[in-house]
Amino acid sequence: MAEAEIPDDHPRHDSLVTRHRIEDGVDEGITSRQGLIAQGRGEAFDYLLGERTLPSADDAARAAAAHLLLAEHPVVSVNGNAAALVPTELVALAAAVDADLEVNLFNRTEDRVTAIAEYLRDHGATDVKGLRADARLPNLDHERAKVDADGIADADVVLVPLEDGDRASALAALGKVEIVIDLNPLSRSARVADVPVVDNILRAVPAITAHARDLADADRETLTRIVDDFDAEATLAAAERVIRSGDLESD
Ligand code: PTJ
């Protein structure tokens, strides 16, 4: 069944659409084959969270929006899974908070970087960073250390969807504010993030954009209060509680 043929009322509609997008991403050279495995892991957590946005995740999305609006130089990092799943939504988020989009890959090949940049441009992006890779994140020896000097290296706030723990720690050590989208509240990246958004990227990115639009006219004091009131540990604990309770409808 192609994505367009999945009926809206199919009980597993969102999960099937997601799988198609990831499969297509692999076919088009955007998503790595490991991305299929990562997606499977994410689906399991999404199932245990009831495939919905928890109130705590919505609070995190609002704090993420406030951080991005307060930032001097926000950057949205894009990997192969994020590009395949939410290209239009990532472009809309970057526009809403005036952020750069930068391709940054764990399994980096120049072909994939180019294909993802092209794909984002096809979905409305005007400028995509990550191709120059003329700076390195210290204390990180894999391909994710390769960043643009005028992109992630210069950013004060970075949104990193579906992150691996090593780079999350490296960014945190540089003093950058890090917003992570990850369905696993126990993952190292979620645990070191200033703002862990424990939600499916399909829901999280539009939610952050909606909050950013809602807060577009808010003054710095209001935004700072939202950021200061946010409690990362409580957010992670709330998600873990739902998973461990086995009650798909609890908060
Ligand atoms: O495109 P690349 O080369 O940069 O590679 C990207 C992947 C995702 C393959 C790479 O970063 C990787 O292997 O990541 P991990 O270590 O498998 O971690 C991915 C995390 O994202 C896991 O904790 C999953 O639970 C989570 N995840 C998977 N799908 C989603 C998700 N979180 C939110 N929304 C999803 N749809």
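Computation of the quantities below employed the complete heavy-atom set of this structure, encompassing side-chain atoms and omitting hydrogens, waters and symmetry-equivalent molecules. If you're wondering where the values come from, they're calculated on a predicted model, not measured in any experiment.
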Short question: side chain of [X], backbone of [Y] - any donor-acceptor pair under 3.5 Å?
{"X": "Thr31", "Y": "Gly80", "answer": "yes"}
{"X": "Asp156", "Y": "His73", "answer": "yes"}
{"X": "Arg132", "Y": "Lys129", "answer": "no"}

Between atom [atom1] of [X] and atom [atom2] of [Y], what is the distance when rounded to the nearest 0.5 Å?
{"X": "Leu68", "Y": "Leu215", "atom1": "CG", "atom2": "CG", "value": "11.0 Å"}
{"X": "Phe106", "Y": "His142", "atom1": "CZ", "atom2": "NE2", "value": "5.0 Å"}
{"X": "Asp148", "Y": "Asp100", "atom1": "CG", "atom2": "CG", "value": "9.0 Å"}
{"X": "Ser15", "Y": "His10", "atom1": "OG", "atom2": "NE2", "value": "9.0 Å"}

I want to check something: taking the side chain as every heavy atom from C-beta on, are [X] and [Y] in contact at a cut-off of under 4.5 Å?
{"X": "Gln34", "Y": "Val26", "result": "no"}
{"X": "Val158", "Y": "Ile179", "result": "no"}
{"X": "Arg136", "Y": "Val147", "result": "no"}
{"X": "Val157", "Y": "Val75", "result": "no"}

Does a side-chain N-to-carboxylate-O contact under 4.0 Å join [X] and [Y]?
{"X": "Asp214", "Y": "Arg62", "result": "yes"}
{"X": "Asp166", "Y": "Arg144", "result": "no"}
{"X": "Glu110", "Y": "Arg112", "result": "no"}
{"X": "Arg203", "Y": "Asp46", "result": "yes"}
{"X": "Arg19", "Y": "Glu23", "result": "no"}

For a quick test of your reading: what N or O donor-acceptor pairs under 3.5 Å do the side chains of residues 116-123 make, sequence neighbours left out?
from: His123; atom 1: ND1; to: Tyr119; atom 2: O; distance (Å): 2.8

Could you walk me through whether Thr53 and Asp199 pass side-chain hydrogen bond (donor to acceptor under 3.5 Å, both in side chains), step by step? CA-CA 6 Å; Thr53 299; Asp199 201 2; 2.7 Å; yes
Asp219 atom CG, neighbour heavy-atom count above 12 within 6.0 Å: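 Check passes, neighbour count above 12.
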When you look at Val128 and Glu102, which way does the side chain to side chain contact (heavy atoms under 4.5 Å, CB included) test go after all the steps? CA-CA 6 Å; Val128 181; Glu102 177 164 337; over 6 Å; no
Could you tell me if Asn104 and Arg167 have a donor-acceptor pair between their side chains, going purely by distance under 3.5 Å?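 Yes, Asn104 and Arg167 have a side-chain donor paired with an acceptor closer than 3.5 Å.
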Which side-chain N or O atoms in residues 85-93 pair as donor and acceptor under 3.5 Å with protein atoms at least two apart or in another chain?
none

